[in-house]
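A short worksheet on the structure shown next.
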Amino acid sequence: MKLSPLTQRRIAQFKSNRRGFWSFWLFLILFFITLGAEFIANEHPLVVYYKGELYCPILKNYPETTFGGTFETHTNYRDTVVKELIKKDGWMIFPPIPYSPSTINYELSGSVPAKPSCDNWLGTDDQGRDVLTRLIYGYRVSILFGLYLTLFSGIIGIFMGALQGYFGGRFDIIAQRITEVWSGLPVLYLLMILSSMIEPSFGWLLGIMLMFSWMVLASVVRAEFFRTRSLDYVRAAEALGVPTFRIILRHILPNAMVATITYLPFMLNTSISTLTALDFLGFGLPPGSASLGELITQGKNNIHTPWLGVTAFFSISVLLSLLIFIGEAVRDAFDPRKTSMR
C-alpha cells in the first residue's frame, strides 16, 4: 500500500527527531522482551529430556512421578531430589533467570534483602524474591495496563467527543454537565472505598480507571468537531444527503485524529504512572503481584539497601522518559507547521 505524501512527510519528521525515534525502538524492545517474560525468567525449565522423551514444563505442568518422584503434585524443579532424578537419566535447560516472580531463593548465604550477585543480578527483596525477575514482570503488567487503558479510553473518548461536537445543542449541554460532575468525583477516595469491599485485580483496576480517563480525550475531540463541522466540505456533504455517521467517520474524524494521536503517548505515560502510584499506596494489584509500585515500596521499606531504591528509580524513570520522548516526536510529526516546511 502506497502512503500519501502527507503521511510520508510525517514519518520523515518523526524519524528526524532522533531522540524520539530511538526511544520508540527502545520501548518496543523492552515491550517485546517483557511479553516473553516466561521464557526469560521462570523457575520451570524450558526443556526437560528424561528417559528418551522431551518435556516442556514452561508450557505444561507435570507431576513429580513423571520424573521418578514420589508425589503426584506439580514438580518442583528447584528441589535437589528432583534435580538428581532428572540428571540421572536426562537433562534440563532453565531460562537465563531461573526464578519466577514469587520464587523465594532459599540458598542465599546472608540475610534478605540480599545484595546483587551472580545468582541474583539485582539482588533480592525482603522476602528473598529475585528483583530482576519482578522488574521484568512488573514492566509487562505496567505496559499492558497502560496500553489497554489508553486504547479503551481513546475509543470511548473519541466516540463521546465526536457525538458532542457534531450534534451540539441540548445533547452537548447535558453531556458536558454530566462530564463535569463525573470528573469532580475523588478517584483516589473511590478506589479506597471499593478496595475495602472488592479484592483489586488487573481487570477491576482497568475498569475503574476507564470510567474517568476518557474525559480528557473527549474534550479534545469535541473541540475539533466543533471547529470542523462548520467547514464548507462538511456542509456540502450534508446538503448532498450523505448519512450522518459517514460524515463523522470519513470527513471529520480524520482531521480530529491529528490532535488525538498526539495525546496518546502522554495518556500511556499517565496510565502507567497511575498504576504505579496505586500499587505504591496499596490500592493497586493484589498483594504479592510483581509491579513497579511494589518495587518502590521495597525501596522505601528497606532504605538500608540502596540497590532496591536505585533499581526502582531508574527503571521507572527510563520507561516514563521513553514515552515522553516518543510523545514529543509524535507531536512534532503531526505539527502542520513542521511537516509543511519539509
Side-chain angles (χ1 to χ4, degrees), residues 1-35 142-166 213-237 242 245-273 318-342:
M1 183 178 64
K2 186 177 180 181
L3 300 177
S4 65
L6 178 60
T7 302
Q8 293 178 7
R9 288 198 300 269
R10 286 172 176 170
I11 294 175
Q13 180 64 32
F14 179 79
K15 290 181 178 179
S16 65
N17 189 322
R18 309 306 296 176
R19 184 175 61 184
F21 178 73
W22 288 112
S23 295
F24 173 73
W25 282 108
L26 287 174
F27 175 77
L28 285 183
I29 291 172
L30 285 174
F31 180 49
F32 284 112
I33 287 176
T34 57
L35 281 181
S142 297
I143 294 175
L144 287 178
F145 181 88
L147 289 174
Y148 283 138
L149 184 58
T150 302
L151 174 63
F152 295 134
S153 298
I155 293 174
I156 297 175
I158 291 171
F159 178 77
M160 291 300 299
L163 294 182
Q164 288 182 244
Y166 184 80
S213 60
W214 59 269
M215 289 179 285
V216 175
L217 199 59
S219 62
V220 176
V221 177
R222 173 178 173 268
E224 288 294 321
F225 267 72
F226 266 131
R227 182 182 63 85
T228 309
R229 71 174 184 176
S230 60
L231 297 179
D232 292 340
Y233 73 91
V234 176
R235 296 297 187 190
V242 178
F245 281 96
R246 187 176 181 181
I247 294 175
I248 292 175
L249 293 177
R250 297 193 59 182
H251 298 282
I252 304 179
L253 187 59
N255 292 327
M257 288 300 294
V258 173
T260 303
I261 291 175
T262 59
Y263 267 80
L264 294 182
F266 300 103
M267 289 183 63
L268 177 58
N269 188 300
T270 303
S271 302
I272 294 175
S273 301
V318 168
L319 178 59
L320 298 184
S321 297
L322 290 177
L323 293 175
I324 290 295
F325 295 153
I326 294 171
E328 291 176 349
V330 172
R331 182 190 59 196
D332 292 343
F334 282 86
D335 188 343
R337 295 171 298 179
K338 294 188 177 182
T339 54
S340 60
M341 292 188 298
R342 292 187 63 86

For Tyr166, is there any backbone N or O sitting under 3.5 Å from a side-chain donor or acceptor partner on Arg229?
yes
Please list, chain by chain and in numerical order, all residues satisfying side-chain hydrogen bond (donor to acceptor under 3.5 Å, both in side chains) with Thr7, sequence neighbours excluded.
Ser4
Has Phe27 got more than 12 heavy atoms of other residues, nucleotides or ligands less than 6.0 Å from its CZ?
yes
Please list, chain by chain and in numerical order, all residues satisfying side-chain contact (heavy atoms from CB on, under 4.5 Å) with Arg250, sequence neighbours excluded.
Arg246
Euclidean distance, Leu253 CG relative to Phe245 CZ, rounded to 0.5 Å:
12.0 Å
Mind checking side-chain contact (heavy atoms from CB on, under 4.5 Å) for Leu30 and listing every partner two or more places apart, or none if nothing turns up?
Tyr139, Leu322
Of all residues at least two apart in sequence or in a different chain, which pass the side-chain contact (heavy atoms from CB on, under 4.5 Å) check with Thr228?
Leu231, Tyr233, Val234, Ile252, Asn255
Only pairs under 3.5 Å count here: list side-chain donor-acceptor contacts from residues 145-153, not counting sequence neighbours, and write none if there are none.
unit_1: Thr150; atom_1: OG1; unit_2: Gly146; atom_2: O; d: 2.7
unit_1: Thr150; atom_1: OG1; unit_2: Leu268; atom_2: N; d: 3.4
unit_1: Ser153; atom_1: OG; unit_2: Leu149; atom_2: O; d: 2.6
unit_1: Ser153; atom_1: OG; unit_2: Ser213; atom_2: OG; d: 2.5

Shortest non-hydrogen contact from Val330 to Pro265?
CG2-CG, 4.3 Å
Which distance, rounded to the nearest 0.5 Å, do you find between the CZ of Phe226 and the CD of Gln164?
7.5 Å
So, do Val318 and Leu26 sit near enough that their side-chain heavy atoms are less than 4.5 Å apart?
no
Hey, could you give me the CZ/CG distance between Arg10 and Asp332, rounded to the nearest 0.5 Å?
13.0 Å
Could you state the interatomic distance from CH2 (Trp214) to CD1 (Ile155), rounded to the nearest 0.5 Å?
14.0 Å
Taking the side chain as everything from C-beta on, heavy atoms only, tell me whether Phe225 gets closer than 4.5 Å to Ile248.
yes
Would you call Leu28 and Trp25 a side-chain contact if the rule is heavy atoms closer than 4.5 Å?
yes
Is Phe14 atom CZ crowded by more than 12 heavy atoms from other residues, nucleotides or ligands, each under 6.0 Å away?
yes
Within residues 215-226 or reaching into it, pairs that qualify as side chain to side chain donor-acceptor pair (under 3.5 Å) - sequence neighbours excluded:
Asp172-Arg222, Glu224-Arg227
Distance from Lys15 atom NZ to Trp22 atom CH2, nearest 0.5 Å?
10.5 Å
Sequence neighbours excluded, the answer for side-chain contact (heavy atoms from CB on, under 4.5 Å) partners of Leu320 is Asn269, Ile272, Ser273, Ile316
Is the closest side-chain heavy-atom distance between Ile156 and Leu217 below 4.5 Å?
no
Using 0.5 Å steps for rounding, measure from the CZ atom of Phe31 to the CG atom of Leu319.
11.5 Å
Set of residues satisfying side-chain hydrogen bond (donor to acceptor under 3.5 Å, both in side chains) with respect to Arg19, sequence neighbours excluded:
Glu328
Side chain to side chain, Phe266 and Ile324, heavy atoms closer than 4.5 Å
yes
